[in-house]
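Worksheet: the structure to be examined is printed underneath.
Just so it is clear: chains get the letters A, B, ... in the order the sequence lines come, proteins before strands, and each one is counted from 1. Only a predicted model underlies this, so the values are computations on that prediction, with no experimental measurement involved.
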2 protein chains.
Amino acid sequence: MKMQINCTLGLRVSPYLREKDAMTRIDHRTKKLTTALRSAGVRITRQRAALLTILAEADDHPEAVELQRRAEEAVPGISLSTVYRTLTELEAQGVILRHQFEGTPARFEHTETQHHDHMIDVETGEVIEFANDRIEQLQAEIAEAMGYDIVHHRLELYVRKKGAANPDE
Amino acid sequence: MKMQINCTLGLRVSPYLREKDAMTRIDHRTKKLTTALRSAGVRITRQRAALLTILAEADDHPEAVELQRRAEEAVPGISLSTVYRTLTELEAQGVILRHQFEGTPARFEHTETQHHDHMIDVETGEVIEFANDRIEQLQAEIAEAMGYDIVHHRLELYVRKKGAANPDE
DNA sequence: ATTCGTGCAAAACGTTTGCAATAAT
DNA sequence: ATTATTGCAAACGTTTTGCACGAAT
């Protein structure tokens with residue numbers, strides 16, 4: 001019996017797209033997003049535009065300070081409060097997801113990819129994405145059987161590369 | 001095809017045991033535990049004895065302040081730092097587990113039951129335990145296929161009772 | 001012109017730590 | 001007697017908030 005695993009390894013943009021096409025695609029999506037946000041009553045300031053672009057381009061899961069650092073070029077002096085406020089707003093608008101992995105500040109990713117869960121390499125902190133439909137289905141069945149609807153869920157595998165040194169310490 | 005779900009609903013003590021027997025059982029386990037801890041070089045103070053007992057008796061997932069509150073009777077004036085230090089120590093000794101659910105302080109439970117995951121009722125904050133071997137197995141297969149060993153994992157379903165009011169707000 | 005968003009500083013929050021006093025071994 | 005543990009207060013790291021100024025609509 002063959003095991004079915006859909007896995008995405010942190011690649012956000014299809015590899016066969018050339019860099020320039022990828023950028024165009026991100027720009028396009030970001031432009032559409034800002035329009036949508038504006039008509040939801042959210043003012044698009046330089047700070048927010050910068051953060052939106054950075055989040056669209058990010059192929060990792062940056063935390064707030066890192067986002068501030070990356071935004072600094074486009075918006076010198078951008079404050080951490082603004083970063084946090086913007087992230088909260090974008091999360092509320094469904095544009096990004098906030099992940100609270102163990103032992104780190106919250107990390108963020110935009111919501112353009114389909115649903116996936118995360119493996120966190122406890123040695124390196126690297127975040128690897130994966131998806132498995134069967135697990136999703138089982139979760140739904142469990143909740144259903146117990147009389148609940150799932151609002152959202154969170155599955156995190158804290159892992160170590162096979163044969164990695166320091167099993168402890 | 002019948003779905004297989006093992007589920008434990010926060011009941012820590014078998015319901016057919018009378019209250020007194022349950023207490024005896026907890027006392028017995030706690031006594032054994034303190035002995036084990038002592039020979040691991042951990043001094044059993046009044047504070048720690050109290051917390052061990054409270055954790056053994058708890059059929060919920062209390063947080064640190066709540067544990068302090070419950071310990072207050074046995075050890076008046078017990079400090080929150082002591083509670084936290086004890087919890088850290090007991091976690092290191094494998095006696096308890098620390099859960100960081102969304103939007104709440106860490107919550108603790110002792111490690112006497114077999115492994116399970118958690119559903120959190122987003123309306124009430126109630127924590128419901130469940131176990132599903134198939135999901136565990138799938139997780140292991142995914143990690144394996146990607147070349148990782150699982151150190152630990154975390155699966156949390158944030159749920160709402162079917163037909164509950166206030167789907168928002 | 002009217003909001004809404006910003007930066008700053010300060011507070012909030014849960015948790016950890018340095019220390020001198022105290023209790024367990 | 002020795003050493004670990006305690007309570008207190010102060011610090012910590014992350015995140016939120018009050019406020020007066022500035023910018024987007």
Hey, which of these two, B/Val42 or B/Ser81, hits DNA chain C nearer its 5' end, going by closest nucleotide? B/Ser81
For a quick check under 3.5 Å, do B/His153 and B/His115 share a side-chain donor-acceptor pair by atom type? yes
Regarding A/Ala106, tell me which of base, sugar-phosphate or nothing describes its non-hydrogen contacts under 4.0 Å with the strands shown. sugar-phosphate
Send over the distance from B/Ile44 CD1 to D/dT5 C1', rounded to a whole Å. 11 Å
Whole angstrom value for the distance that separates C1' of C/dC13 from CD of A/Gln100: 13 Å
Under 4.0 Å between a side-chain N or O of A/Arg38 and OP1 or OP2 of D/dT25? yes
note: A/Leu80, atom CG; C/dA9, atom P; distance rounded to Å ~ 13 Å
Could you tell me the separation between the CZ atom of A/Arg43 and the P atom of C/dT6, rounded to a whole number of Å? 10 Å
Given the rule that I, L, V, M, F, W and Y join up when any side-chain heavy atoms are under 4.5 Å apart, are A/Val42 and A/Leu55 in one cluster? yes
Quick check on D/dG7: is either OP1 or OP2 less than 4.0 Å from any side-chain nitrogen or oxygen of B/Gln47? yes
Okay, side chain of A/Arg107, backbone of A/Pro62: is any donor-acceptor separation there less than 3.5 Å? no
Just the rounded figure in Å: distance from P of D/dG13 to OH of B/Tyr84. 17 Å
In whole Å, what is the span from the CG atom of B/Leu51 to the P atom of D/dT6? 9 Å
Expressed as a whole number of angstroms, how long is the span from A/Gln68:CD to D/dT14:C1'? 13 Å
Enter the inter-axis angle for the ends of the helix from C/dA1-D/dT25 to C/dT25-D/dA1 (five pairs per end, rounded to 10°). 30°
Expressed in angstrom and rounded to an integer, what is the separation of B/Glu91 atom CD from C/dT15 atom P? 11 Å
Identify whether A/Leu155 and A/Leu97 are in the same connected component of the hydrophobic contact network (ILVMFWY, side-chain heavy atoms under 4.5 Å). no
Please tell me if B/Arg48 has a side-chain N or O lying less than 4.0 Å from either OP1 or OP2 of D/dT6. yes
With a 4.0 Å cut-off on heavy atoms, is A/Glu63 in touch with a base, just the backbone sugar-phosphate, or nothing at all? nothing
Main-chain N/O of A/Ile78 paired with A/Thr82 side-chain donor or acceptor, under 3.5 Å: no
For A/Arg46 and for B/Ala64, find the nucleotide of DNA chain C with the closest heavy atom, then tell me which residue's nucleotide is more 5'. A/Arg46
Single hit among A/Arg160, A/Lys162, A/Lys161 for salt bridge (Lys or Arg N to Asp or Glu O under 4.0 Å) with B/Asp149: A/Lys162
Under-3.5 Å donor-acceptor pair between B/Arg85 side chain and C/dT16 base: no
Within the distance-only criterion (no hydrogens, no angle test), does the side chain of B/Thr104 pair as donor or acceptor with the backbone N or O of B/Gln100 below 3.5 angstrom? no
When you measure from the side chain of B/Thr82, which nucleotide among C/dA24, D/dT16, D/dT6 comes out closest? D/dT6
